[in-house]
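Structure record follows, encoded as structure tokens.
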Amino acid sequence: QVQLVESGGGLVQAGGSLRLSCVASGRTFGGYVMGWFRQAPGKEREFVAAIRWTGGSTYYANSVKGRFTISRDYAKNTVYLQMTSLKSEDTAVYYCAAKYDRGVITTGYDYWGQGTQVTVSS
């Protein structure tokens with residue numbers, strides 16, 4: 001079965017940086033989209049970023065454009081979310097997700113990780 005395991009969350013000061021990792025296993029991911037979502041307390045889960053496993057095309061939510069970078073490492077079967085210039089509004093549980101590359105890129109994900117907490121202090 002597909003498994004996604006996030007890591008790298010923690011406490012960081014506003015303006016700082018943090019890099020999240022998601023190790024994917026259970027199948028080959030050619031033709032898949034890997035995404036990052038987040039959910040803050042009392043808020044709905046929202047799309048953050050996505051990347052095509054093959055080709056590497058990326059997409060970002062407006063709230064993180066210019067600050068976050070999504071990437072993947074084939075050798076390590078891992079997708080990353082490099083977060084810079086962090087703000088208090090970035091505080092949330094971050095989830096890794098995957099789906100076959102079709103339809104709207106911001107929705108319809110089939111597989112999810114357990115989440116990793118990111119807290120930005122001011």
Side-chain angles (χ1 to χ4, degrees):
Q1 62 179 346
V2 172
Q3 290 186 316
L4 305 172
V5 181
E6 304 101 328
S7 63
L11 177 65
V12 64
Q13 293 183 337
S17 300
L18 203 62
R19 187 174 192 172
L20 306 183
S21 299
C22 173
V23 178
S25 63
R27 66 160 295 143
T28 56
F29 290 92
Y32 271 68
V33 177
M34 310 297 291
W36 286 97
F37 291 73
R38 67 187 183 186
Q39 187 167 24
K43 304 289 187 178
E44 296 181 341
R45 184 173 297 184
E46 65 174 344
F47 172 82
V48 175
I51 186 169
R52 289 191 167 91
W53 189 251
T54 301
S57 300
T58 59
Y59 183 85
Y60 298 94
N62 288 335
S63 59
V64 305
K65 285 181 180 177
R67 299 189 298 120
F68 291 10
T69 302
I70 188 170
S71 62
R72 80 274 196 251
D73 186 321
Y74 289 117
K76 297 180 179 179
N77 221 40
T78 301
V79 61
Y80 302 98
L81 186 68
Q82 178 67 53
M83 306 183 294
T84 62
S85 301
L86 283 162
K87 307 172 182 179
S88 60
E89 67 189 60
D90 296 316
T91 295
V93 177
Y94 283 71
Y95 296 90
C96 181
K99 74 168 185 177
Y100 187 74
D101 186 6
R102 67 185 187 281
V104 178
I105 201 163
T106 57
T107 64
Y109 286 75
D110 303 302
Y111 307 104
W112 296 84
Q114 82 289 345
T116 186
Q117 176 70 48
V118 172
T119 302
V120 183
S121 63
S122 59

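Only this structure's heavy atoms are used, side chains among them; waters, hydrogens and symmetry mates stay out. For clarity, every value in this text was computed on a predicted model and none was experimentally measured.
- Between the CG atom in Asp101 and the NZ atom in Lys99 there is a gap of 7.5 Å [rounded to 0.5 Å].
- Listed by chain and number, the residues in a side chain to side chain contact (heavy atoms under 4.5 Å, CB included) with Thr116 are Glu6, Leu20, Tyr94 (sequence neighbours excluded).
- Nearest heavy atom pair, residue Ala14 against residue Ser122, reads CB-CA, 4.3 Å.
- Considering every non-hydrogen atom in both Ser85 and Arg67, the closest pair reads O-NH1, 3.0 Å.
- Tracing side-chain contacts under 4.5 Å through hydrophobic residues (I, L, V, M, F, W, Y), one never reaches Tyr80 starting from Val93; they form parts of separate clusters.
- To the nearest 0.5 Å, atom CD of residue Gln117 and atom CD of residue Gln39 are 11.0 Å apart.
- Arg102 is not listed as a side-chain neighbour of Val33, based on a closest heavy-atom distance of 4.5 Å or more.
- Nearest heavy-atom pair across Val5 and Gln114 is CA-OE1, 3.7 Å.
- Tyr95 and Val2 are not part of a single hydrophobic cluster, where members link through side-chain heavy atoms under 4.5 Å apart.
- Under a cut-off of 6.0 angstrom, the local environment of CZ in Arg52 is sparse, with at most 12 non-hydrogen atoms contributed by other residues, nucleotides or ligands.
- Using the six-membered ring where Trp is involved, Tyr59 and Phe47 have ring planes that are tilted, between 30° and 60° apart.
- Within the 3.5 Å criterion, the main-chain N or O of Ala24 finds a donor-acceptor partner in the side chain of Asn77.
- Residue Arg72 comes nearest to Gly56 through the heavy atom pair NH2-N, 3.3 Å, listed as atom of the first residue, atom of the second, then distance.
- The shortest distance between side-chain heavy atoms of Thr54 and Phe29 does not fall below 4.5 Å.
- Under the 3.5 Å distance criterion, the side-chain polar atoms of Lys87 are left unmatched by any main-chain donor or acceptor of Val120.
- With values rounded to the nearest 0.5 angstrom, Thr78 atom OG1 is found 10.5 Å from Leu4 atom CG.
- Minimum interatomic distance between Asp110 and Tyr100 (heavy atoms only, all atoms of both residues): OD2-N, 4.1 Å.
- One hydrophobic cluster, built from ILVMFWY side chains closer than 4.5 Å, holds both Phe37 and Ile105.
- Residues Phe68 and Val12 share a hydrophobic cluster, clusters being chains of Ile/Leu/Val/Met/Phe/Trp/Tyr side chains in contact below 4.5 Å.
- Taken together through direct or relayed side-chain contacts under 4.5 Å among Ile, Leu, Val, Met, Phe, Trp and Tyr, Ile51 and Tyr74 form part of one hydrophobic cluster.
- In terms of heavy atoms, Ser21 sits closest to Trp36 at O-CH2, 3.8 Å.
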Begin with the C-alpha distance, continue with both residues' side-chain angles, and end with the deciding distance and a verdict on side-chain contact (heavy atoms from CB on, under 4.5 Å) for Val64 and Met83. CA-CA 9 Å; Val64 305; Met83 306 183 294; over 6 Å; no
